[in-house]
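All of these numbers come straight from a predicted model, not from anything done at the bench.
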Amino acid sequence: MANITDPSVSNGFAEGFTPSSKFFYDDASIFFGVDGILYGVHLSRLTQKFRFFSTFFNRDSKDMGMVAQGKTPQAPIQLLFAPKGGPLTHQEFDVVCQSSYFYEKPSIDELSTLLYVGELYGDASATKLAEKAFSKFRSPLPPIVRIRHGRALDRFPLAESGYIDLASGSDLRLLPPEQVTELGLKVYSTLLRFQAKADAYRLYLVHPPQPSHVPGCKYASFAQSPCAEQLWTFWSMVTRVLLHPERREHLITFWSVIEEADRKTLLPCTVATIEAVSASNVYLYEDYLFIEALKEIRKLDGFSATS
């Protein structure tokens, strides 16, 4: 690809526009004026990437005035409004150009850029990639960033993983003051309440329940028994599943964490106890807490019903 033209060298640019320091190529095929900044880019990249520009130029291809406009830096196409309304800023158009030229291997910082590009200009592949990164458990994007962009775009699913990671991470009482301010006191208080309940639930899970003795077990009346001792041994495996969100999401039964060879050594009372706990869905309680907290946060943050 050709080099970017030195913007400090004037070549008769349109009055009132300063060439972009990032996106003004010497072999540009189309010129745009946005928010006082002049862009010289490649039309093929824009139309291939974005439905908005493909429609824009197909629609206006029969208009000779539009064909002539944008062909030179002296007569750029002036984009005044974003596709979804509101004035278009040069920062937003930088996002468009950045996606067009550096989309193949986006950095962590560029993921949020791709999200805006997909939303504003109809790039489904950009939106899909960005949403996957935003909604992923333990996303590379900081929780507060996902929440910020989800709020800005009225896309609750994008913010949801941020709320979850924030609440299931370190002590929220140690959250930096600027993040508390950005969250808002009501949302922050909701997350604090959730974290306190979740911590109490996890503490409860650390301790195994009393064994469910099967009929005829000779240890049923004993305070200490081989059944209880074995349950203690296997309970650590069970709690690792219960306390790990990724495992909990895919858990069908507790048996998935017990090796086949170990399973054959289990006493009937151990089997009965683990089956009883599994049937009780106790491991879904933290998910229930999340759902209730997120319902409240969704209302507090004013997300639309369709977001």
- Note on the structure: Heavy-atom nearest pair, P209 first then L231, reads O-CD2, 3.2 Å

- L172 and Q195 have their tightest heavy-atom pair at N-OE1, 2.9 Å

- To the nearest 0.5 Å, atom NZ of K295 lies from atom CG of L300 at 14.0 Å

- Query: Side-chain contact, heavy-atom cut-off 4.5 Å: I144 with E182?
  - Reply: yes

- Does the side chain of L267 reach to within under 4.5 Å of the side chain of P226, using non-hydrogen atoms? yes

- Should D27 and H42 count as side-chain neighbours, where that means a heavy-atom distance under 4.5 Å? yes

- Closest heavy-atom contact between L191 and A167? CD2-CB, 4.0 Å

- Worked check of side chain to side chain contact (heavy atoms under 4.5 Å, CB included) between I37 and F93: CA-CA 10 Å; I37 302 298; F93 201 71; over 6 Å; no

- Task: Determine, step by step, whether S225 and E229 satisfy the side chain to side chain contact (heavy atoms under 4.5 Å, CB included) criterion, reporting the C-alpha distance in whole Å, the side-chain angles of both residues, the deciding distance to 0.1 Å, and the verdict.
- Result: CA-CA 6 Å; S225 67; E229 291 175 4; over 6 Å; no

- Item | Distance-minimising heavy-atom pair for D154 and S304 | OD2-OG, 2.6 Å

- Task: Verify the cluster assignment for L289 and I291: are they in a single hydrophobic cluster under the rule of side-chain heavy atoms below 4.5 Å apart?
- Result: no

- Task: Return yes when atom CD of E178 has more than 12 non-hydrogen atoms of other residues, nucleotides or ligands closer than 6.0 Å, and no otherwise.
- Result: yes

- Evaluate side chain to side chain contact (heavy atoms under 4.5 Å, CB included) for F32 paired with L46, printing each intermediate quantity in order. CA-CA 12 Å; F32 293 96; L46 290 178; 3.5 Å; yes

- Message: Are F303 and F156 an aromatic pair, judged by ring center distance below 6.0 Å?
- Response: yes

- Looking only at heavy atoms, the pair that brings R173 and D171 closest together is NH2-OD2, 2.6 Å

- Using the benzene-type ring in the case of Trp, are the ring centres of Y39 and F24 under 6.0 Å apart? no

- CD-CG distance between E292 and L294, expressed to the nearest 0.5 angstrom: 9.5 Å

- Message: Checking the side chain of T190 only, and the main-chain atoms of I297 only, is there a donor and an acceptor separated by less than 3.5 Å?
- Response: no

- Message: Using side-chain heavy atoms (C-beta onward) and a distance below 4.5 Å, is L38 in contact with T18?
- Response: no

- Item | Residue pair R151, D301: steps toward the salt bridge (charged side-chain N to carboxylate O under 4.0 Å, His left out) verdict | CA-CA 8 Å; R151 285 171 165 177; D301 265 348; 2.9 Å; yes

- Message: Quick check on the 6.0 Å ring-centre criterion: do Y219 and H213 meet it?
- Response: no

- Does the side chain of P268 reach to within under 4.5 Å of the side chain of C217, using non-hydrogen atoms? no

- Query: Do you see a donor-acceptor pair shorter than 3.5 Å between the side chains of D35 and T89?
  - Reply: no

- Message: Before you tell me yes or no, could you show the steps for D165 and R146 under side chain to side chain contact (heavy atoms under 4.5 Å, CB included), namely the whole-Å CA-CA distance, both residues' side-chain angles and the distance that decides it to 0.1 Å?
- Response: CA-CA 10 Å; D165 281 358; R146 282 173 274 159; 3.2 Å; yes

- Within a strict 4.5 Å, meaning less than it, do heavy atoms of the V187 and Y163 side chains meet? yes

- Heavy-atom nearest pair, C227 first then P211, reads CB-CB, 4.2 Å

- Any L43 side-chain heavy atom under 4.5 Å of F31 side chain: no

- d(K186 NZ, K299 NZ) to nearest 0.5 Å is 13.0 Å

- Task: Indicate if W232 and F222 have the same hydrophobic cluster label, given that clusters are the connected sets of ILVMFWY residues with side-chain heavy-atom separations under 4.5 angstrom.
- Result: no

- Are V271 and V214 in one and the same hydrophobic cluster, where Ile, Leu, Val, Met, Phe, Trp and Tyr link if side-chain heavy atoms are under 4.5 Å apart? no

- Item | Side-chain touch R193/E296, heavy atoms, less than 4.5 angstrom | yes

